[in-house]
K.L.:
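One structure is given below, represented as structure tokens, and several questions about it will come after.
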Amino acid sequence: QVQLVESGGGLVQAGGSLRLSCVASGRSFSSYTMGWFRQTRGKERESVAAISWRGGRTYYLDSVKGRFTITRDNAKNTVYLQMNNLNAEDTAVYYCAADRSPNNWPPNFGSWGQGTQVTVSS
């Protein structure tokens with residue numbers, strides 16, 4: 001399976017910003033639909049954002065619209081999640097995900113990274 005490695009998490013005060021990165025190994029990254037999920041202890045994993053293989057379609061969780069932006073750089077096999085105006089409810093482990101079928105929308109994610117912790121102090 002494709003290997004996904006997240007980075008960029010950390011501790012930030014409410015109102016601050018972080019940018020998460022996810023680097024994918026292997027070929028054909030440009031054909032993958034990519035996404036970000038998050039999970040807080042005791043809650044179900046939720047989809048935060050997704051981006052199509054060409055970048056033309058995006059999805060955002062309602063609570064992050066206007067604050068988070070998902071982008072990708074296919075030349076670097078990397079997808080990003082820019083997170084602005086963070087609040088305590090954004091505290092979670094954030095996971096990168098990939099759907100290797102470019103024509104699925106909404107995506108069917110089958111590959112997952114190990115996660116990166118984001119903690120927002122209030």
Side-chain angles (χ1 to χ4, degrees):
Q1 294 183 353
V2 59
Q3 298 290 321
L4 304 172
V5 180
E6 304 97 332
S7 63
L11 176 64
V12 64
Q13 288 190 323
S17 298
L18 287 172
R19 188 181 73 162
L20 306 183
S21 299
C22 172
V23 180
S25 65
R27 61 184 180 272
S28 301
F29 172 81
S30 62
S31 69
Y32 300 166
T33 301
M34 301 297 298
W36 288 95
F37 288 72
R38 67 186 183 188
Q39 187 168 28
T40 302
R41 185 176 181 271
K43 296 182 179 180
E44 294 185 353
R45 183 177 296 181
E46 63 182 353
S47 178
V48 177
I51 186 167
S52 63
W53 68 285
R54 298 183 67 180
R57 298 191 69 176
T58 56
Y59 160 83
Y60 294 98
L61 182 68
D62 283 346
S63 63
V64 309
K65 287 181 179 177
R67 300 189 298 118
F68 290 12
T69 304
I70 185 170
T71 58
R72 66 190 298 161
D73 186 340
N74 289 341
K76 297 181 178 179
N77 282 14
T78 302
V79 63
Y80 304 94
L81 185 68
Q82 178 67 47
M83 305 185 295
N84 297 327
N85 195 23
L86 288 160
N87 59 65
E89 294 184 354
D90 297 317
T91 295
V93 177
Y94 284 72
Y95 298 90
C96 179
D99 179 353
R100 299 180 69 181
S101 298
N103 296 321
N104 289 335
W105 197 266
N108 296 321
F109 292 110
S111 299
W112 300 85
Q114 83 288 349
T116 185
Q117 176 71 48
V118 171
T119 303
V120 184
S121 61
S122 60

K.L.:
Could you check whether any side-chain heavy atom of D73 comes within less than 4.5 Å of a side-chain heavy atom of Y80, counting everything from C-beta outward?
P.N.:
yes
K.L.:
Report the residues that fulfil side-chain hydrogen bond (donor to acceptor under 3.5 Å, both in side chains) with Q39, sequence neighbours left out, ordered by chain and then residue number.
P.N.:
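Q39: no side-chain hydrogen bond (donor to acceptor under 3.5 Å, both in side chains) contacts found.
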K.L.:
How long is the span from the CG atom in N74 to the CE atom in M34, to the nearest 0.5 Å?
P.N.:
9.5 Å
K.L.:
Could you check whether any side-chain heavy atom of L20 comes within less than 4.5 Å of a side-chain heavy atom of M83, counting everything from C-beta outward?
P.N.:
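Result yes, sub-4.5 Å side-chain heavy-atom pair found.
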K.L.:
Check whether V5 and V118 end up in the same hydrophobic cluster, where Ile, Leu, Val, Met, Phe, Trp and Tyr are linked by side-chain heavy atoms less than 4.5 Å apart.
P.N.:
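No, it is not one cluster - the side chains of V5 and V118 are not joined through contacts under 4.5 Å.
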K.L.:
What heavy-atom pair brings S21 and T78 nearest, and what distance separates the two atoms?
P.N.:
CB-CG2, 4.3 Å
K.L.:
Quick check, are the ring centers of W112 and F37 under 6.0 angstrom apart?
P.N.:
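Ring-ring flag for W112/F37: true, centres closer than 6.0 Å.
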K.L.:
Can you name the closest pair of heavy atoms from W36 and L81 and give their distance?
P.N.:
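The pair with the smallest heavy-atom distance is NE1-CB, 3.5 Å.
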K.L.:
Is there a continuous path of hydrophobic side-chain contacts, each under 4.5 Å between heavy atoms, that joins V2 to I70?
P.N.:
yes
K.L.:
Are T91 and T40 packed together at the side-chain level, in the sense that at least one heavy-atom pair is separated by less than 4.5 angstrom?
P.N.:
no
K.L.:
Is there a path of hydrophobic side-chain contacts, each under 4.5 Å between heavy atoms, that joins I51 and L61?
P.N.:
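Hydrophobic grouping puts I51 with L61.
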K.L.:
Do L4 and Y95 touch side chain to side chain, with heavy atoms closer than 4.5 Å?
P.N.:
no
K.L.:
For residues 60-69, pull every pair meeting side-chain hydrogen bond (donor to acceptor under 3.5 Å, both in side chains), keeping only residues two or more places apart or in separate chains.
P.N.:
D62-K65, R67-D90
K.L.:
Using every non-hydrogen atom in the two residues, find where S17 and V12 come nearest and quote the distance to one decimal.
P.N.:
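In terms of heavy atoms, the two residues are closest at N-CG2, 4.0 Å.
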K.L.:
Quick check: are there more than 12 heavy atoms from other residues, nucleotides or ligands sitting under 6.0 Å from CZ of R54?
P.N.:
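No, CZ of R54 has 12 or fewer neighbouring heavy atoms, counting only those of other groups under 6.0 Å.
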K.L.:
Is there a side-chain contact between Y59 and P106, using heavy atoms and a 4.5 Å cut-off?
P.N.:
no
K.L.:
Same cluster or not: are V48 and W105 linked, directly or through other Ile, Leu, Val, Met, Phe, Trp or Tyr residues, by side-chain heavy atoms under 4.5 angstrom apart?
P.N.:
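Yes; W105 is reachable from V48 via cluster members.
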K.L.:
Would you please name every residue forming a side-chain hydrogen bond (donor to acceptor under 3.5 Å, both in side chains) with Y94, sequence neighbours left out?
P.N.:
R38
K.L.:
Excluding sequence neighbours, so at least two apart, what forms side-chain hydrogen bond (donor to acceptor under 3.5 Å, both in side chains) with Q117?
P.N.:
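Residues passing side-chain hydrogen bond (donor to acceptor under 3.5 Å, both in side chains) with Q117: T119.
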K.L.:
Provide the full list of salt bridge (Lys or Arg N to Asp or Glu O under 4.0 Å) pairs with a residue in residues 91-101, sequence neighbours left out, each pair given once.
P.N.:
none
K.L.:
Which pair of non-hydrogen atoms, one from A88 and one from S122, has the smallest distance, and what is that distance?
P.N.:
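Closest heavy-atom pair between A88 and S122: CB-CB, 3.9 Å.
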K.L.:
Hey, what do you get for OG (S121) to CG (L86), rounding to the nearest 0.5 Å?
P.N.:
10.0 Å
K.L.:
Give the cluster check for V79 versus F109: same hydrophobic cluster or not, with ILVMFWY residues linked at side-chain heavy-atom distances below 4.5 Å.
P.N.:
no
K.L.:
If you measure from CG on N104 to OH on Y32, what distance do you get to the nearest 0.5 Å?
P.N.:
14.0 Å
K.L.:
Residues two or more places apart in sequence or in another chain: which of them pass side-chain hydrogen bond (donor to acceptor under 3.5 Å, both in side chains) with Q3?
P.N.:
none
K.L.:
Does NZ or CZ of R72 lie under 6.0 Å from the centre of the six-membered ring of F29, at an angle within 45° of the ring axis?
P.N.:
yes
